[in-house]
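What follows is a single structure, written as structure tokens, with notes after it.
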Amino acid sequence: MIALLGMIAGIVAGLFLEPSVPTGLQPYLPIAVVAALDATFGALRAYLDGIFDERVFVISFVSNVLVAGFIVYLGDQLGVGGQLSTGVVVVFGIRIFSNVAAIRRRLLHA
Amino acid sequence: MSTPAGHRGTPQDLLARIVRDEDDDEYALAAARPERTPPDTPSLVVFGAVIAVGAVLVTVSALQTRASEPQDAADREALVQSIEAEQGQVARFSAQVDTLGARLDALRGQSAELAASLADTESRLDEVEAAVGAEAVEGPGVRVTVDDAESGTDEGTILDTDLQLLVNGLWQAGAEAIAINGQRLTTLTAIRTAGQAITVNFRSLSPPYVVNAIGDPDVLPANLLDTAAGQTFTDLAANFGIGFGVEARDDLQLPAGSGVVLRQATSSAAGPDRGDEGAS
């Protein structure tokens, strides 16, 4: 319930306030979104497993976004930002797939 | 994060661990902890806030991607136009290369023609220089020796006209180059008397006069004796006792004539200088 409310509030805020992202942070936005998606699918899987915990979700979400952003920032400073972004997206993509596979097994028993 | 030591190391193990995702299941670890408490209100508020932040992130990201689409399309369009322009340039340049290559071929042909013409002219120049006496020449020829008669009479003395006659006879007989006592005959050479001596190229010569003539040694002596000069000298030798000998030589060396200069006349653009311009 709270999750649904928060999501609606966030989408509405993003649509109507249209906060402009500073130019320096723009490269990290897609990475942050992918990290957030990873945390979300992990939470969904835990929810279906019946072991969801808000505290773990908050920590994993925030740390995912921050660490992903930091890795890409570090890569930018070292001149390998593009490659590190790709690596981060690949790792999160694999995790998302495995989480979705677990969810699918849980829901469809297949 | 308890992993058997054997699982670390190879990239395959790393990939397998990522895919299996056993180590990273935070929820399972949290659930395994005994001190699990039901969520209180503040933590639920934080949870909702984080969800909201995530939603904002996704929304903003999507909005931004959509907003930059027209710009991307414009950039792409500009790039395509630039590429087309450059391709047109390339086509123009390659056409230019073709044109210039054709011109180069034409000029090469012209150059070959000019080189042939130059070689032709140079060989003609060599011939002409030998004929006018500007160049030293060597080759087979005849040596004609004439001398005053030992009697010392006026009739037995070689005059400048005699030498002129002999030289003209040699030219007539086919000589290509002539020198008298080492003085090469050029187009500007005069043979005349100055005082008691005969001068050639303004140098006084004393008898005997050795006339070297380049030419075919097989035919030159006979041709010379057939000419009026040959007849005259034969008569002079028989009647007045002058020395007259003709012998064929294999290698005669004739020096270059001195004083052969090229004089060129150019028309004066200002007209003739009358010298009275100061008076007018």
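Note that the coordinates shown come from a computational prediction; the quantities given were computed from them, not determined experimentally. Below, read A as the first sequence line, B as the second, and so on, with proteins coming before strands; counting in each chain starts at 1.
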Pairwise side-chain contact, A:F57 with B:I51, heavy-atom cut-off 4.5 Å (strictly under):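 They are in contact (side-chain heavy atoms under 4.5 Å apart), so the answer is yes.
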Top contributor to chain A interface from B:T65, B:T59, B:V53 [non-hydrogen pairs under 4.5 Å]: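 Ranked by contacts with chain A, first place is B:T59.
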Steps toward ring-ring contact (aromatic ring centres under 6.0 Å, His included) verdict (A:F61, B:F47): CA-CA 10 Å; A:F61 183 97; B:F47 170 59; 9.8 Å; no
Can you give me the closest heavy-atom contact between [X] and [Y], atom names plus distance?
X: A:G14; Y: B:V56; value: N-CG2, 4.4 Å
X: B:L57; Y: A:A32; value: CD1-CB, 4.2 Å
X: B:S61; Y: A:V33; value: CB-CG2, 3.6 Å

Neighbour count >12 (heavy atoms, 6.0 Å) for atom CG, B:D251: no
Exceeds 12 heavy-atom contacts within 6.0 angstrom, atom CG of B:D250: no
Residue part contacting chain B, namely of A:L15, when any heavy atom lies under 4.5 Å: both
Proximity breakdown for A:A102 and chain B, heavy-atom pairs closer than 4.5 Å: neither
Options A:A36, A:P30, A:A43, ranked by heavy-atom pairs under 4.5 Å with chain B, top entry: A:A43
Under 4.5 Å from any heavy atom of chain A - which part of B:L63: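 When you check distances to chain A, only side chain atoms of B:L63 fall under 4.5 Å.
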